[in-house]
Amino acid sequence: MKKKKNLLGLSIFLALLLIIGVLSALVLVFYDYIPVSDDDGALISPEGSRIILGIPALQEISKNIPLLELGNPITQTTLSILAVTLLLIILAALLTKNLSKRPGKVQVVLEKLISMLYGLVEDTMGKHNVKFAPYIGTLFLSSIVGTLIGMTQIIPSVTKDLSVTLAWALVTTALVWYNNIKNFGFKAWLKGFTEPIVVMTPMNIVSEIAQPISLAFRHFGNVAGGGVLTALIYSALAGLSGLIFGWIPGFIGTIPFFQVGIPAFLSIYFDLFSGFVQALVFSLLTMVYVGGACPPPEEIPEERRAKLEKKAN
């Protein structure tokens, strides 16, 4: 009975996600046909993503309270994230369907990939931190799929929006702070800013603030920069084609010959290779930062270890 309820709840949840995904796709496809009033001057959000939907009354109120952003607009990035989430859920449901003790080819590959993930987390963070493997895997998949989805030319890459990578970085920083306080205590965490000497306190605070900023900008900058370089090279190739073949009369002289093939090789690097590398680097840095806040049990002060064991029991 309980299993049936769980299956029913999961089915409803997946159905809702499917509906949201279909609606999001329709909005993206027919985006240029969406009527916009002449007095609507807020088509561009501060992050650079065009606002697709919002609550006008709340947006009007939020003009006087900009920090609250009560309008809660739905941007292209929001729809891209929904599409990536829906895609990952569908893939997870399909790949984990009909698992058996005698695995088929797909299950063997899936188990191998999961074993590699857990092995990487164990080697980087220690065996006691294997519990973070699902979080690291989610970060990596969200990053790589969020970058590659831009190759469809229908849905923009989520990692081209700084707000996305910054949100991931802030979640990682929150995990680091939480585990530092949990394992060493709040006073010890504050005291850590004064080490090795009190004079270093301002530098330590700046370093702590710079950590999520650098983590976010590194990923965002590489992906966005790759897109800009690809667009510039693509335009340059069009100009070069016109310069060399523009003298040919008729339709042939207007064909951008140099745009055929060359941009595909650039896409392999900037979209596939660079996207994979940035997702891996982001995940590895996350493991290093969180792993540093979660040392082996024997390195935790005895008083804190006793409290943690008492809570666990």
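Here the structure is a predicted model, which is why all the values come from computation and not from measurement. Sequential numbering from 1 along the given sequence is applied to the chain's residues.
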May I have the list of side-chain donor-acceptor pairs in residues 185-196 shorter than 3.5 Å, sequence neighbours left out?
unit_1	atom_1	unit_2	atom_2	d
T194	OG1	K191	O	2.6

Worksheet item: What's the spacing between T96 OG1 and L91 CG if we round to 0.5 Å?
Response: 10.0 Å

Worksheet item: Hydrophobic cluster mates of V130, side-chain heavy atoms under 4.5 angstrom, ILVMFWY only, any path?
Response: L95, V106, L110, I114, Y118

Worksheet item: Does L120 have any side chain to side chain contact (heavy atoms under 4.5 Å, CB included) partners at least two apart in sequence or in another chain, and if so, which?
Response: T124, L284, M287

Worksheet item: Do any N or O atoms from the side chain of S80 and from the backbone of P156 form a donor-acceptor pair under 3.5 angstrom?
Response: yes

Fill in: Interatomic distance, L170 atom CG to T165 atom OG1 [nearest 0.5 angstrom]
9.5 Å

Worksheet item: Donor-acceptor pair, Q278 side chain versus N222 backbone, under 3.5 Å?
Response: no

Discussion item. Test of understanding: with side chain to side chain donor-acceptor pair (under 3.5 Å), list the residues that count as partners of S283, not counting sequence neighbours.
Written reply: none

Worksheet item: What residues, two or more places apart in sequence or in another chain, satisfy ring pair (Phe, Tyr, Trp, His ring centres under 6.0 Å) together with F217?
Response: none

Worksheet item: Do L82 and L86 have side chains that get closer than 4.5 Å, going by heavy atoms?
Response: no

Worksheet item: Counting distance only, does the side-chain N/O of N129 pair as donor-acceptor with the main-chain N or O of C294 below 3.5 Å?
Response: yes

Worksheet item: Mind checking who shares a hydrophobic cluster with F184, ILVMFWY linked at side-chain heavy-atom distances under 4.5 Å?
Response: none

Worksheet entry | Point-to-point distance, once rounded to the nearest 0.5 Å, from OG of S142 to CD1 of I149 | 11.0 Å

Response to the item:
For T147, the side chain to side chain donor-acceptor pair (under 3.5 Å) test, sequence neighbours excluded, returns T159

Worksheet entry | Residues which pass side chain to side chain contact (heavy atoms under 4.5 Å, CB included) with L285, listed by chain and number, not counting sequence neighbours | L215, R218, V281, Y289

Discussion item. Once rounded to the nearest 0.5 Å, what's the spacing between atom CG of L88 and atom CG of L141?
Written reply: 6.0 Å

Worksheet item: Is the F282-F220 ring centre distance short of 6.0 angstrom?
Response: no

Discussion item. Can you list, by chain and residue number, the hydrophobic cluster partners of V199 when the side-chain cut-off is 4.5 Å?
Written reply: I197, M200, M203

Item to complete: Any chance you could measure E298, atom CD, to H128, atom NE2, to the nearest 0.5 Å?
Response: 8.0 Å

Discussion item. So, using side chain to side chain contact (heavy atoms under 4.5 Å, CB included) as the criterion, who are the partners of V171 when residues are at least two apart?
Written reply: Y135

Fill in: Donor-acceptor contact below 3.5 Å, side chain H219 vs main chain L166
no

Item to complete: Only counting residues at least two apart or in another chain, list the ones meeting side chain to side chain donor-acceptor pair (under 3.5 Å) with E208.
Response: W177

Worksheet item: Between atom CG of N183 and atom OH of Y178, what is the distance when rounded to the nearest 0.5 Å?
Response: 9.0 Å

Discussion item. Which residues pass the side chain to side chain contact (heavy atoms under 4.5 Å, CB included) test with V109, not counting sequence neighbours?
Written reply: L113

Item to complete: Could you tell me whether the side chain of L79 reaches within less than 4.5 Å of the side chain of I155, counting heavy atoms only?
Response: no

